[in-house]
Undergrad: 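If you scroll down you'll find the structure; I have some questions about it.
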Amino acid sequence: MPLKINRINCLRDNYVWLMRDSATGQTAVVDPAEFEPVRARLAQLDWKLDYILNTHHHSDHVGANLQLQDAYGCTIVGARHDIARIPGIVQYVEDGDRWHLGESAALVVDTPGHTVGHIVYWFEASNALFCGDTLFSMGCGRLFEGSAQQMWASLKKLRDLPDQTQVYCAHEYTQANVRFALHVDPSNKRLRERADEVGRLREQGLPTVPILMEVENKTNPFLRADSVPIARYFGMTPDSAVDVFAALRALKDNF
Ligand SMILES: [Zn+2]
């Protein structure tokens with residue numbers, strides 16, 4: 001049975017994802033930015049909290065770790081690489097590990113770039129990818145610690161996941177991302193359709209994620225650094241994808 005997944009809005013534009021394994025009732029929250037909104041949702045649903053899954057160490061992703069641990073006695077899971085940087089971590093995972101929430105299995109995938117210890121959790125049977133700040137709808141995380149080469153390799157791993165994978169990213173950055181995407185990829189018909197959809201959703205104050213990987217693969221310029229239109233924008237060819245990706249990231253940083 002697929003996971004039940006809840007979205008909790010936190011801070012200005014963070015999305016915190018709360019999930020429950022239907023078979024066992026075990027629960028986990030991904031990257032809790034703030035305590036109170038998570039506590040309130042758990043109370044509303046009458047759920048307890050068994051686990052915190054962290055994707056990386058930034059404060060808007062681990063902000064409520066210790067308070068939630070105090071309140072619920074939950075187990076904090078994160079990358080072995082970030083033992084020293086994730087508050088309250090007790091369970092370490094690394095690339096290729098299978099982690100279980102009750103009967104739901106997640107594959108842990110290393111995705112360095114935004115930070116060097118960044119990991120994502122892919123629950124294949126639920127078609128759910130919790131990708132933190134590695135991949136956003138039509139965007140990707142800034143390179144705070146890793147290189148363009150590392151981030152491009154990380155994004156290539158994610159785009160190879162099945163088309164029906166739903167991307168549960170950690171921020172609502174889609175409207176800014178779509179403006180940039182249209183700038184570098186203006187002739188992309190699927191992108192223009194998605195831009196219209198995003199405009200409609202945001203006008204109504206609705207979220208634009210989760211979003212299918214199939215849509216991201218056709219609309220996200222950062223997943224398309226080895227495509228002819230994106231390479232051509234920078235006067236390059238698809239075989240220099242790392243350079244195209246680096247140019248894209250640098251342009252977006254100041255867009
Ligand atoms: Zn971050």
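Bear in mind the structure is a predicted one, so any value in this text is a computation, not a measurement. Atoms within a ligand are numbered from 1 in the order they appear, just like the ligands themselves. Numbering of residues begins at 1 and proceeds along the displayed sequence.
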Undergrad: Between Phe222 and Trp152 (judged by ring centroids, cut-off 6.0 Å), do the two rings come close enough to count as a pair?
TA: no
Undergrad: So that I can tick it off, tell me whether Asp50 and Lys48 are bridged by a salt bridge, with the cut-off set at under 4.0 angstrom between side-chain N and carboxylate O.
TA: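 Judged by the 4.0 Å cut-off on N to carboxylate O distance, Lys48 and Asp50 do form a salt bridge.
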Undergrad: Listing residue and atom name, which protein N/O/S atoms are closer to the Zn ion (ligand 1) than 2.8 Å?
TA: His56 NE2, His58 ND1, His114 NE2, Asp133 OD2
Undergrad: Quick check: His61 with His171 (ring centres under 6.0 Å apart)?
TA: yes
Undergrad: Assess whether a salt bridge exists between Asp226 and Arg159, defined as any Lys/Arg side-chain N lying under 4.0 Å from an Asp/Glu carboxylate O.
TA: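 Looking at Arg159 together with Asp226, the answer is yes, because their closest N to O distance falls below 4.0 Å.
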Undergrad: Could you measure the distance from the CD atom of Glu216 to the CG atom of Leu155? Nearest 0.5 Å is fine.
TA: 10.5 Å
Undergrad: Got a sec, which residues hit salt bridge (Lys or Arg N to Asp or Glu O under 4.0 Å) with Asp60, two or more places apart in sequence or on another chain?
TA: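 Partners of Asp60 by the salt bridge (Lys or Arg N to Asp or Glu O under 4.0 Å) criterion come out as none, since no residue qualifies.
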